[in-house]
Amino acid sequence: MLRFICLFLLYSGAIAELPCTVIPGKLKQLDAGNGEVYGVADDDTIYFWHANRWAQIEGRLTHVTVGPAGVWGVNKDDYIYRLNNFYWVQLSGRLKQIDAGGNKFISGTNVNDDIYCVSQDPSTFPANAIPYVHLEGKLKHYACGPLGCWGVNSANEIYYRNQVTPSSCQGTGWVRVEGSLIMVEVGTDGSVFGVNSDGYVYKRVGICPKSPRGTSWIQIDVCNSFKYVSYDDGFLWLISDKGRILKCEYPESVLPDLL
């Protein structure tokens, strides 16, 4: 695997040279969480990162997610699946995008940009009777973490959902956040990253329990153009416009803001 140095802007404002690795293969989407990484390729084949290589999992999905709620995915027909002992189990409902980053609850959006979540561990409900909660508004991408949920709509406007909890995933309302992103992801530790329409990667700074929306966005990359980002366990996972995969050491996270 090719290793090189990329320049990143750190939380302190300093420019740092951080080591990045070009990961073999190409993906259209990936997700990192709970120490695991899953992704899907252009032909909808599914992979997970194991022993420094991609291992293929049976099945085909267009979007996959991993987090405290487990490993979930949706296929080209928007049917929803959960991974159980490396077998995909279909569950009720249809979504185009799904996120397992909440505290053992899932969330996502459907083909009409309608927003849904499940307020408790979905594994406690029958597979054919998942009690989805509909949220008002429209989003094309919705992601959750320990300090709340973030989303972007078709106009690339950014929103934060107030007072989301595992027992009340619907929260209490939307707050518009400054900026423009095509996608947003929340790390297991609460870090929030996103990509804008020009392919630049941004991080939300100032996040803490007393200020879960943070204070501002900083552009953190100056070495490529990307379409997808995910963060977990000290590493940024990035997909370039051409599907190339980068794994970059990024030791900073939201944790300093939580202390």
Side-chain angles (χ1 to χ4, degrees), residues 9 11 27-33 37-39 62-69 72 74 95-103 105-110 113-117 135 137-162 164 169 171 173-208 211-221 225-232 235-241 248 250 252-254 257:
L9 181 65
Y11 177 79
L27 295 175
K28 64 179 177 180
Q29 183 264 330
L30 61 74
D31 195 31
V37 183
Y38 287 78
T62 56
H63 189 101
V64 67
T65 180
V66 56
W72 295 69
V74 296
L95 296 171
K96 68 174 181 180
Q97 177 261 329
I98 192 167
D99 184 80
N103 186 5
F105 69 90
I106 61 167
S107 57
T109 61
N110 70 9
D113 287 353
D114 296 321
I115 313 155
Y116 293 90
C117 65
L135 281 62
K138 298 279 187 177
L139 294 175
K140 64 179 178 180
H141 194 105
Y142 189 52
C144 296
L147 295 179
C149 299
W150 295 72
V152 295
N153 65 13
S154 60
N156 297 335
E157 296 170 333
I158 309 164
Y159 288 87
Y160 174 85
R161 189 70 176 179
N162 275 327
V164 172
C169 70
W174 298 106
V175 176
R176 174 77 184 277
V177 179
E178 81 283 355
S180 175
L181 297 173
I182 60 171
M183 60 82 61
V184 62
E185 281 292 321
V186 186
T188 305
D189 69 347
S191 297
V192 177
F193 294 86
V195 177
N196 73 2
S197 58
D198 294 319
Y200 296 124
V201 179
Y202 287 81
K203 179 190 175 183
R204 189 70 177 175
V205 298
I207 292 175
C208 67
S211 179
R213 295 195 303 273
T215 56
S216 62
W217 297 101
I218 59 168
Q219 181 185 333
I220 63 171
D221 74 287
S225 178
F226 301 99
K227 63 180 181 181
Y228 216 92
V229 61
S230 191
Y231 176 83
D232 184 57
F235 291 96
L236 278 174
W237 291 80
L238 302 144
I239 300 180
S240 74
D241 288 337
C248 298
Y250 193 83
E252 292 194 353
S253 70
V254 76
D257 296 327

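Predicted model, so just to flag it, every value in this text is computed and none were measured.
Between Glu157 and Val152 there is no side-chain heavy-atom pair separated by less than 4.5 Å. Put simply, the side chain of Trp174 reaches to within 4.5 Å of the side chain of Leu139, judged on heavy atoms. In this structure, the side chains of Lys28 and Ile239 stay at 4.5 Å or more apart for every pair of heavy atoms. Looking only at side-chain heavy atoms (C-beta outward), Leu236 and Val229 come within less than 4.5 Å of each other. For the pair Val195 and Lys227, the minimum side-chain heavy-atom distance is 4.5 Å or more.
Distance CG/Leu27 to CG/Leu238: 12.0 Å, rounded to 0.5 Å. We find the CD1-CG distance between Ile98 and Asn110 to be 12.0 Å, quoted to the nearest 0.5 Å. Atoms CG and OG, on Asn156 and Ser180 in that order, are 4.5 Å from each other to the nearest 0.5 Å. A distance of 7.0 Å separates CG of Leu95 from CD1 of Ile106, quoted to the nearest 0.5 Å. To the nearest 0.5 Å, atoms OG (Ser107) and CD1 (Ile115) are separated by 10.0 Å. With rounding to the nearest 0.5 angstrom, the CZ atom of Phe193 is 13.0 Å from the CZ atom of Phe226.
Listed for the Asn196 side chain is a donor-acceptor partner under 3.5 Å among the backbone atoms of Asp198. Although no hydrogens or angles enter the test, the distance criterion places a donor-acceptor pair under 3.5 Å between the side chain of Thr109 and the main chain of Lys140. Side-chain atoms of Thr62 come within 3.5 Å of backbone N or O of Val74 as a donor-acceptor pair. A side-chain donor-acceptor contact under 3.5 Å links Trp217 to the backbone of Glu178. With hydrogens and angles ignored, the 3.5 Å screen pairs a side-chain donor or acceptor of Gln97 with a backbone N or O of Tyr142. In this structure a side-chain-to-backbone donor-acceptor pair under 3.5 Å is present from His141 to Val184. Remark: the backbone N or O of Gly33 is not paired with any side-chain donor or acceptor of Thr188 at under 3.5 angstrom. Under the 3.5 Å distance criterion, the side-chain polar atoms of Tyr231 are left unmatched by any main-chain donor or acceptor of Lys203.
For the residue pair Asp31 and Ser230, a side-chain donor N or O sits within less than 3.5 Å of a side-chain acceptor on the partner.
In this structure, Arg161 forms no cation-pi arrangement with Trp150, as its terminal cationic atom is not both closer than 6.0 Å to the ring centre and no more than 45° off the ring axis.
When all heavy atoms of Thr65 and Ala100 are compared, the pair lying nearest together is OG1-N, 2.9 Å. Closest approach of Ala32 to Trp237, counting heavy atoms only: CB-CD1, 3.9 Å. Minimum heavy-atom separation, Val164 to Phe105: CG1-CZ, 3.5 Å. Of all the heavy atoms in Arg176 and Ile158, the pair that sits closest is CD-O, 3.5 Å. In terms of heavy-atom proximity, Gly187 sits nearest to Pro146 at O-CD, 3.8 Å. Closest approach of Pro212 to Tyr160, counting heavy atoms only: CB-OH, 3.2 Å.
More than 12 heavy atoms of other shown residues, nucleotides or ligands fall within 6.0 angstrom of atom CZ in Phe235.
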> Are Asp232 and Val37 close enough, and set up right, to give a side chain to side chain contact (heavy atoms under 4.5 Å, CB included), and what steps lead you there?
Replying inline: CA-CA 9 Å; Asp232 184 57; Val37 183; over 6 Å; no
>> Working note: Val201 + Gln219, criterion side chain to side chain contact (heavy atoms under 4.5 Å, CB included); need CA distance, chi angles, decisive distance, verdict.
In response: CA-CA 6 Å; Val201 179; Gln219 181 185 333; over 6 Å; no
>> Under the criterion side chain to side chain contact (heavy atoms under 4.5 Å, CB included), I'd like the reasoning laid out for Val205 against Ser216: C-alpha separation, chi angles, the key distance, then a yes or no.
In response: CA-CA 6 Å; Val205 298; Ser216 62; 3.2 Å; yes
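Under 4.0 Å is where a charged nitrogen must lie from a carboxylate oxygen, and between Glu185 and Arg204 no such pair does.
Under the 2.5 Å SG-SG cutoff, Cys117 and Cys149 do not qualify as a close cysteine pair.
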